[in-house]
There are 2 protein chains.
Amino acid sequence: MDSAELRVFEAVARTGGMKRAADELHTVQSNITARIKALEDELGCALFERHSRGVALTHSGERLLPYARRVAWLLADARRAARDEGIPGGPLTIGSLETTAALRLSPLLASYAALCPEVDLALRPGTTAELIEAVLDRTLEGAFVCGPVAHPSLTERAMFVEELAVLAAPGIGSIETATQGGIARIVVLRRGCSYRQRLEALLAQRGVAVPRVMEFGTLEAIFGCVAAGLGISLLPRALIGPVWREGRVSLHTLPAPEAEVSTVFIHRREAYLSSALRAFLDHVAERALTTPSPRYP
Amino acid sequence: MDSAELRVFEAVARTGGMKRAADELHTVQSNITARIKALEDELGCALFERHSRGVALTHSGERLLPYARRVAWLLADARRAARDEGIPGGPLTIGSLETTAALRLSPLLASYAALCPEVDLALRPGTTAELIEAVLDRTLEGAFVCGPVAHPSLTERAMFVEELAVLAAPGIGSIETATQGGIARIVVLRRGCSYRQRLEALLAQRGVAVPRVMEFGTLEAIFGCVAAGLGISLLPRALIGPVWREGRVSLHTLPAPEAEVSTVFIHRREAYLSSALRAFLDHVAERALTTPSPRYP
DNA sequence: CATGGGGTATCTCCTTTAGAGATCGATCGG
DNA sequence: CCGATCGATCTCTAAAGGAGATACCCCATG
């Protein structure tokens with residue numbers, strides 16, 4: 001068995017057909033058939049059930065498929081490892097929660113880019129769940145997400161601790177005022193946002209029901225909606241600070257255990273750690289812990 | 001890049017020469033040269049420095065080598081995964097501390113062998129350090145060793161808790177009597193035996209020096225030597241029981257924290273879990289916790 | 001200093017393997 | 001029933017890989 005055979009196998013399994021796999025691999029169907037047959041002969045078991053509209057994996061095939069993927073990944077990592085001369089360079093795609101990006105990352109990314117000019121740095125926003133998925137998918141090399149994650153194939157490193165606070169319409173004196181009548185409308189950044197669950201949980205603990213959740217894709221939209229009295233939201237206090245000082249919203253602190261949320265940087269445990277990512281990790285870890293959190297009154 | 005090329009690369013790196021690798025791979029030197037050259041061209045960097053007595057890895061080669069090994073392992077696992085029909089079968093090589101084997105494994109292995117008659121079960125004794133090494137080397141699929149191990153690429157599962165006790169010549173009333181004069185000769189099973197360190201540590205804590213350590217390869221030899229007054233030893237109490245009842249040795253219990261030692265079963269985290277090993281794990285886990293530890297008076 | 005032995009690079013066959021293209025049979029939907 | 005789609009098989013051709021001979025390089029040795 002050979003990585004080339006597994007590449008063919010993987011393509012057939014993914015596309016569900018030998019013809020389709022042939023198109024994808026820029027060859028003809030007869031060759032795919034022959035190579036699958038050779039692989040099946042070697043293993044001594046059928047990998048696909050042939051149907052009139054394509055093929056389906058057998059149990060053996062199901063078991064083999066994850067290995068085929070891992071071999072392909074490992075070869076890609078091997079290539080990069082051999083070529084990587086230790087000078088950070090090449091593409092580096094990092095994910096981040098939008099709030100972390102807004103609050104913390106600009107100076108870090110700027111100084112990292114200055115330190116490693118050969119790196120093509122890209123930042124992709126998302127929710128914790130989306131970002132974890134993307135890191136596992138190998139779409140991202142790493143991401144800043146809400147911790148703790150505790151996934152067996154990811155390593156995580158605590159980077160920041162944020163203090164969350166509730167924001168409500170201006171003139172609201174307390175969280176209790178904002179949730180009068182035992183109901184509250186809440187405004188969150190996106191579906192699956194980690195702060196949403198947290199806000200719902202802490203409202204539930206106070207006996208407040210949440211009949212409506214509104215999603216807005218940008219922080220500015222949230223500030224605008226909260227200012228207009230459409231609902232309340234939960235965000236890092238440092239992010240609310242400037243808006244609060246302008247008098248656009250009211251800010252309500254929470255007791256420490258409810259307020260504190262840690263931001264961790266995750267990356268794949270087994271994956272090849274490129275020089276670019278290693279340098280990024282070192283750079284951020286050094287700055288993250290020494291840089292004071294942004295000040296607010 | 002391809003697994004076949006990496007196989008050639010790995011052989012050259014390991015044997016330190018293209019000629020030697022050619023012999024190992026049952027081909028001729030010219031082909032090895034050509035394939036290494038092709039691989040170097042593809043990667044765009046030299047993998048070996050050519051010398052008059054063979055070749056040596058460059059830095060790029062050093063970085064590539066672990067990946068070559070991992071690809072080979074992964075392909076072997078893939079083959080097994082595809083062939084494994086879920087019915088435990090094939091070879092299963094397990095390591096164990098000699099004391100655990102003597103005390104615990106016979107009924108477990110017997111019932112497992114009856115449950116999975118298609119499995120060719122093999123048991124290899126060794127010390128904790130040797131067994132961990134062998135599991136990491138892929139010589140063993142798993143092993144019973146002294147816990148905790150806490151190695152990042154191994155998973156461990158607690159299986160037994162043993163109560164250790166000191167054994168000394170018959171007629172010795174206490175550990176203090178046995179270590180009169182602040183010195184003690186100790187008898188251990190093998191170099192690197194985990195109980196040896198433990199015994200030395202607990203003697204050190206009592207201010208007892210250990211000028212001589214004797215090693216004997218079998219438990220019976222240890223009992224004989226201790227009985228003859230050559231030294232003291234530390235073993236699971238349940239193992240000493242029968243010998244003590246015969247009056248051949250004296251038995252001295254220890255306070256719980258010093259006495260208790262846990263036996264864990266380890267196996268590689270990332271490796272393919274064969275049906276045979278999975279069945280073994282389930283079988284042992286089920287029996288280990290329900291079977292009472294052997295009784296002693 | 002010449003020489004031999006162990007090692008790698010290169011060139012030339014030659015076998016084997018993989019790819020391309022045509023064709024056949026099976027199946028399913030209209 | 002017909003055409004579209006897909007997999008299996010056959011043949012031909014091109015490319016890759018293996019074998020063998022040889023050139024060259026370096027070092028130890030007499």
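Each chain gets a letter, A, B and so on, in the order the sequences are listed, and its residues count up from 1.
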Consider salt bridge (charged side-chain N to carboxylate O under 4.0 Å, His left out). Of B:Arg278, B:Arg80, B:Arg124, which one does B:Glu141 pass it with? B:Arg80

Both B:His51 and A:Ser52 contact DNA chain D. Taking the nearest nucleotide for each, which residue is further toward the 5' end? A:Ser52

From the list B:Val12, B:Thr15, B:Val55, side chain to side chain contact (heavy atoms under 4.5 Å, CB included) with B:Arg20 holds only for B:Thr15

Distance, rounded to the nearest Å, where B:Gln29 contributes CD and C:dG7 contributes P: 10 Å

Just to verify, which of B:Leu123, B:Leu131, B:Leu140 counts as forming a side chain to side chain contact (heavy atoms under 4.5 Å, CB included) with B:Ile94? B:Leu123

Between B:Arg190 and B:Gly126, the two heavy atoms sitting closest are NH1-CA, 3.6 Å

Under a 4.0 Å threshold between the charged nitrogen and the carboxylate oxygen, would B:Glu42 count as salt-bridged to B:Arg35? no

Atom NE2 of A:His151 with >12 non-hydrogen neighbours under 6.0 angstrom: yes

Assess the side chains of B:Thr33 and B:Gln29: does a donor N or O sit below 3.5 Å from an acceptor N or O? yes

So if I take residues 30-48 of chain B and measure heavy-atom distances to DNA chain C, which residues fall below 4.0 Å? B:Ser30, B:Thr33, B:Lys37

Answer with yes or no whether the side chains of B:Asp84 and B:Ser274 bring together a donor and an acceptor at under 3.5 Å. no

Counting only non-hydrogen atoms, which of residues 5-27 of chain A are less than 4.0 Å from DNA chain D? A:Gly17, A:Met18, A:Lys19, A:Arg20

Parallel, tilted or perpendicular: which one describes the rings of B:Phe265 and B:Phe280, with boundaries at 30° and 60°? tilted

B:Arg53 CZ to D:dC27 P, in whole Å, measures 9 Å

Considering just the side-chain nitrogens and oxygens of A:Arg50, establish if one lies under 4.0 Å of OP1 or OP2 belonging to D:dA8. yes

Note the angle between the end axes of the helix from C:dC1-D:dG30 to C:dG30-D:dC1, five pairs defining each, rounded to 10 degrees. 20°

Are B:Glu200 and B:Arg196 ion-paired here, with the side-chain N under 4.0 Å from a carboxylate O? yes

